[in-house]
Amino acid sequence: MTNITVKICTGTTCYVMGASQLLSLPQLLPEGLASRVLVEGANCLDFCKNGQHGKAPFVQVNNTVIPEATIEKVKEAIRQAAETD
């Protein structure tokens, strides 16, 4: 039952700024939560284009944009998405 989609921007800037580490996210989620999450890379999410979304790396959890994404920030956004579902 997948109902939380996580898109990790793997464009050059995001990748260099830390998205490469974020790709290990599926292995870091608790088992009960991991089965509900689909993690996918995206060539570019275009959130860096005008600066209004903050700084790279960018991750999108369902419809929530996470700037300066870290593993902990993304895990927290996933937990919040799971609670509201």
Side-chain angles (χ1 to χ4, degrees):
M1 169 173 87
T2 302
N3 59 357
I4 301 169
T5 301
V6 178
K7 293 181 183 177
I8 300 171
C9 183
T10 57
T12 303
T13 301
C14 285
Y15 193 83
V16 169
M17 297 297 290
S20 58
Q21 288 86 19
L22 295 171
L23 293 171
S24 65
L25 187 66
Q27 294 81 25
L28 303 173
L29 293 173
E31 188 175 316
L33 197 53
S35 64
R36 298 180 58 193
V37 177
L38 171 64
V39 177
E40 56 189 21
N43 288 335
C44 185
L45 295 173
D46 285 331
F47 294 129
C48 59
K49 297 295 183 203
N50 58 17
Q52 80 179 47
H53 294 288
K55 297 180 181 177
F58 293 98
V59 172
Q60 188 172 9
V61 177
N62 288 342
N63 293 320
T64 302
V65 177
I66 303 167
E68 298 181 66
T70 63
I71 298 259
E72 286 308 313
K73 283 184 179 181
V74 177
K75 285 171 67 175
E76 180 58 28
I78 291 169
R79 282 189 208 101
Q80 290 176 0
E83 289 174 5
T84 61
D85 190 38

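Only heavy atoms go into these numbers, but all of them, side chains included; no hydrogens, no water, no symmetry mates. Quantities reported herein were computed from a predicted structural model and do not represent experimental measurements.
- Between Cys48 and Thr13 there is no side-chain heavy-atom pair separated by less than 4.5 Å.
- Between Ile71 and Ser24 the shortest side-chain heavy-atom distance falls below 4.5 Å.
- Closest approach of Ala19 and Cys9 over heavy atoms only: CB-O, 3.1 Å.
- One finds the CZ atom of Arg79 at 11.0 Å from the CD1 atom of Ile4 (value rounded to the nearest 0.5 Å).
- Listed by first and then second residue, the salt bridge (Lys or Arg N to Asp or Glu O under 4.0 Å) pairs involving residues 65-74 are Glu72-Lys75 (not counting sequence neighbours).
- Between Tyr15 and the options Ile8, Leu22, Leu23, a side-chain contact (heavy atoms from CB on, under 4.5 Å) holds for only Leu23.
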Please set out all donor-acceptor pairs under 3.5 angstrom arising from side-chain atoms of residues 55-67, sequence neighbours excluded.
residue	atom	partner	partner atom	Å
Gln60	NE2	Asn62	O	3.4
Asn62	OD1	Thr5	N	2.9

